[in-house]
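Beneath this line is the structure, given in structure tokens, with notes to follow.
The residues of the chain are indexed from 1 along the displayed sequence.
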Amino acid sequence: MTKTFLCLWLTLFPISALAETLWSDFSLSLLGSNQYEIGDNNRTLATFELASGHSWGDSFLFVDRAHFANGDKTTYTEWSPRIKITEQSLSKFNNLYLASTVEAGDNFTHYLLGLGTDIKIPGFKFFKANFYYRNNDKKDNGSQVTLAWAYPLNDWLYDGFIDYVPATDDAATSMNFTSQLKYNLGPAFGLSTRLYIGIEYVHWNNKYGISQVDERNINWLIKYHF
């Protein structure tokens, strides 16, 4: 699967197009909670995020660095580039993409490939829908539906995602609904950039496909956009 994924990218992704960046957004977040499931439940998380739009599509990259109260540390990365297949705007949908994601942890790598689109909903900054085939490293392969959105309201922002992964022979159906509600303190400090404080809530049924491991997790959150 790794060679197939790379060959597909080299075929559909001309190197000359990589420089055609239309916009980008870079941020760093710090989160903390003592309500995690699996492993030490008390941890602090530093998250790097880079979102960008290009003439060929869009891309979202994040890296999580977790520091556990017991001294353990882990790193998790996702990169989700989408290539435009069509550039048409319909009444409710905008563009069709070849959607892909690489999920990489300390001892695994998963590859996702499928189709995506942008759904036009009044008031939302964006609402993205992606439908994937999952090539899992250590479990049966399967499928996944991912929704991601952002809804601004003055200095407030509500954004998040839903990952829905149907059951396979060795994993239960998993649903991860993670969202953030945050307030921009930038204007109060005279900043031209955004400085958010708020909370992140994780509602994860059958975490990682493990039956009856359900996470209900509230994190405090500080996020700065450069």
Answer with yes or no after comparing the ring centroid distance for Phe124 and Trp149 against a 6.0 Å cut-off, counting only values under it. no

Using the rule that Ile, Leu, Val, Met, Phe, Trp and Tyr join whenever any side-chain heavy atoms are under 4.5 Å apart, tell me whether Ile218 and Val202 fall into a single cluster. no

Does any non-hydrogen side-chain atom of Leu221 lie less than 4.5 Å from one of Gln180? yes

Are Leu31 and Trp220 connected in the hydrophobic side-chain network, where two residues link if heavy atoms are under 4.5 Å apart? no

Below 4.5 Å, heavy atoms only, C-beta onward: do Tyr224 and Thr193 meet side chain to side chain? yes

Does one hydrophobic cluster hold both Tyr196 and Leu191, with members joined at side-chain heavy-atom distances below 4.5 Å? no

Name the orientation class of the two ring planes belonging to Phe26 and Phe48 (parallel below 30°, tilted from 30 to 60°, perpendicular beyond 60°). tilted

Considering all heavy atoms of both residues, which atom of Asn219 and which atom of Ser33 are nearest to each other, and what is their separation? OD1-CB, 3.2 Å

Is the terminal nitrogen or CZ of Arg43 (NZ for Lys, CZ for Arg) located under 6.0 angstrom from the six-membered ring centre of Phe68 and within 45° of that ring's axis? no

Within the 4.5 Å heavy-atom criterion, are Asn141 and Tyr133 side-chain neighbours or not? yes

Just so I know, are the side chains of Phe62 and Leu50 near enough to count as touching, which here means a heavy-atom distance under 4.5 Å? no

Determine whether Arg194 and Lys223 make a side-chain contact, defined as any pair of heavy atoms from C-beta on separated by less than 4.5 Å. no

How about Phe226 and Leu28: do any of their side-chain heavy atoms sit closer than 4.5 Å? yes

Can a donor-acceptor pair be found, under 3.5 Å and without considering hydrogens, that links the side chain of Ser174 to the backbone of Asn206? yes

Hey, could you give me the OG1/NZ distance between Thr117 and Lys92, rounded to the nearest 0.5 Å? 13.0 Å

Show your working on side chain to side chain donor-acceptor pair (under 3.5 Å) between Tyr132 and Thr146 and close with a plain yes or no. CA-CA 8 Å; Tyr132 296 110; Thr146 296; 5.2 Å; no

